[in-house]
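Bear in mind that the values here come from a model prediction, so they are computed numbers and not experimental data.
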Amino acid sequence: MLRVDIAEIALDLAPLKRAARWKRAELAFWLLPFAAYFLFPENLVLLSQIAITGLFCLSLDLVLGYAGIISLGHTGFFGVGAYAAGLLASHGHGDPLLGLAAAAVCAAGLGFATSFLVLRGADLTRLMVTLGVAMMLFEAANKLTDLTGGVDGLQGMQVQPLLGRFAFDLYGKTAYWYCLAVLLVLFWIARRLVHSPIGLSLRGIRLNVGRMPALGTPVNGRLAAIYTVGAAYAGVAGALLAETTQFVAVDVLAFPRSAELLLMLVLGGSGSLYGALIGTTVFMLARHLLSNLNPQYWQFWLGMLLVLIVLFARDGIIGGLRRLRRLVPGPGQ
């Protein structure tokens, strides 16, 4: 009987194992950042910002795309992570990896503490609670000038060389590889998570939360856990921004950052991980190029781009690519 049960369990997990295998298109995708280093060496600062924001957007995708928790205050965790790493660096503890760890712990602690408030209501209530938490954090950072520097920003950060050898240079070479390595590692962890039984249960909760308790799934526990993980990811992204720029301003907690983050996720397509990265890349590159071409009216053209993508790719860029793939016949068809 035990052998039969083990065989049945292995059979049930086989689809998850197949889905967790890396595909050629994914490997080709991750070759692009390495190629970008050599193709665009003068834009490494922008590319580092894309990697940081991509990780930030990935954290929201875990919360919204897989668990269905709508958040307009995700920037609160980003800001807490930035200030955690910044305060350590300004008090003589500027090791980058220590800053990442502190940021993840602080942001995860805040995420866990506020998850019980977020899970008490439905979508609209969650929007209000997450936004309220972020607004309180913004005002706290603005008022605690002795600690955060207020509107003048956190001063005196001294970030040590990475691993004691690689100093952060003005050209952004060390910062780029640092951000890319952290993004790749955390993406791999997130990918393993969403292709595990826990990730499958999160999708079930998002699709039909009423039926999951009947299957023995602890709904609130799973939602609190993924909310905490998403908060930790956002905190690490904030720490990366603080360490690579060696400055933290109060705008890391501002609402526009959360609004832009939600736009990026919708643009790329939620619930796929890659949608967060693609949406971030397209949004930030479009903003960079349009602001250079038309400094006064670049927001109009960016808004038009977003409207067109929503009209012709309702599930974002990832959704549009999937439909296009189904329409185009394969080699054997």
Taking side chain as C-beta onward, heavy atoms only, is H74 less than 4.5 Å from F56?
-> yes
Under the ring pair (Phe, Tyr, Trp, His ring centres under 6.0 Å) test, residues paired with Y66 that sit two or more places apart = none
Please report the C-alpha distance between T245 and F168 in whole Å, then the side-chain angles of each, then the deciding distance to 0.1 Å, and finally whether the side-chain contact (heavy atoms from CB on, under 4.5 Å) criterion is met.
-> CA-CA 9 Å; T245 61; F168 291 92; over 6 Å; no
Tightest non-hydrogen contact, residues D61 and G271, listed as OD1-N, 2.7 Å
Can you list, pair by pair, the side-chain donor-acceptor contacts under 3.5 Å of residues 229-242, counting residues two or more places apart and other chains?
residue : atom : partner : partner atom : Å
Y233    : OH   : L186    : O            : 2.7
Y233    : OH   : A190    : N            : 3.4

Between CG on residue L58 and CG on residue L261, distance to nearest 0.5 Å = 10.0 Å
What residues, two or more places apart in sequence or in another chain, satisfy side-chain contact (heavy atoms from CB on, under 4.5 Å) together with L87?
-> S90, H91, L147, L154
Other residues, nucleotides, ligands: >12 heavy atoms within 6.0 Å of M135 CE | no
Taking the side chain as C-beta and beyond, is there a heavy-atom pair between L193 and L202 under 4.5 Å?
-> no
Have a look at I69 and tell me which of L64, I205, L223 forms a side-chain contact (heavy atoms from CB on, under 4.5 Å) with it.
-> L223
Closest heavy-atom contact between L253 and L137?
-> CD1-O, 3.5 Å
Rounded distance (nearest 0.5 Å) linking atom CG of L267 with atom CD1 of I318 | 10.5 Å
Shortest non-hydrogen separation from A89 to V159 and the atoms involved = CB-CG2, 4.3 Å
Provide the closest heavy-atom pair for R257 versus V252 in the form atom of the first, atom of the second, distance.
-> NE-CA, 3.7 Å
Same cluster for F38 and L46 if Ile/Leu/Val/Met/Phe/Trp/Tyr side chains link at under 4.5 Å?
-> yes
Compile the donor-acceptor pairs under 3.5 Å between side chains in residues 95-106 and protein atoms, sequence neighbours left out, one pair per line.
residue : atom : partner : partner atom : Å
D95     : OD2  : L97     : N            : 3.3
D95     : OD2  : L98     : N            : 3.0

T75: what forms a side chain to side chain donor-acceptor pair (under 3.5 Å) with it, not counting sequence neighbours?
-> none
Please list, chain by chain and in numerical order, all residues satisfying side chain to side chain donor-acceptor pair (under 3.5 Å) with Y178, sequence neighbours excluded.
-> E243
Interatomic spacing from OG in S71 to CZ in F77 - rounded to 0.5 Å = 6.5 Å
Is it the case that one hydrophobic cluster holds both I70 and M128, taking links as side-chain heavy atoms less than 4.5 Å apart, direct or via other members?
-> no
Connected via hydrophobic side-chain network under 4.5 Å: F247 and L144 | no
Donor-acceptor contact present, side-chain T148 to main-chain A141, <3.5 Å | yes
Could you pull out the closest heavy-atom pair between T228 and A108, with the gap in Å?
-> CG2-O, 3.4 Å
Give, for atom OG of S270 and atom CG of L62, the distance between the pair rounded to the nearest 0.5 Å.
-> 11.5 Å
Taking side-chain contact (heavy atoms from CB on, under 4.5 Å) as the test, write out the residues that go with T281, two or more places apart.
-> I50, L285
Chi angles and distances behind the side-chain contact (heavy atoms from CB on, under 4.5 Å) call for F29, I278 = CA-CA 10 Å; F29 176 88; I278 293 174; 3.9 Å; yes
Non-neighbouring partners of S201 that pass side chain to side chain donor-acceptor pair (under 3.5 Å), sequence neighbours left out = R222
Kindly write out the residues that satisfy side chain to side chain donor-acceptor pair (under 3.5 Å) with W30, not counting sequence neighbours, or none if the list is empty.
-> Y274
Listed by chain and number, what are the ring pair (Phe, Tyr, Trp, His ring centres under 6.0 Å) partners of F34, not counting sequence neighbours?
-> W177
Same cluster (ILVMFWY, side-chain, under 4.5 Å), L289 and L308 | no
Qualifying residues under salt bridge (Lys or Arg N to Asp or Glu O under 4.0 Å), relative to R287, sequence neighbours excluded | E260
Do P33 and L180 come within less than 4.5 Å of each other through their side chains, counting heavy atoms only?
-> yes
Shortest non-hydrogen separation from S48 to A175 and the atoms involved | OG-C, 3.8 Å
With sequence neighbours left out, write down each residue that passes side-chain contact (heavy atoms from CB on, under 4.5 Å) with F116, or none if nothing qualifies.
-> F112
When the aromatic ring centroids of F40 and Y176 are compared, is their separation below 6.0 Å?
-> no
Between the CG atom in L265 and the CG atom in L277, the distance rounded to the nearest 0.5 Å is 10.5 Å
Honestly curious: do L184 and L55 fall in one hydrophobic cluster under the side-chain, below-4.5 Å linking rule?
-> yes
To the nearest 0.5 Å, tell me how far R126 CZ sits from Y227 OH.
-> 10.0 Å
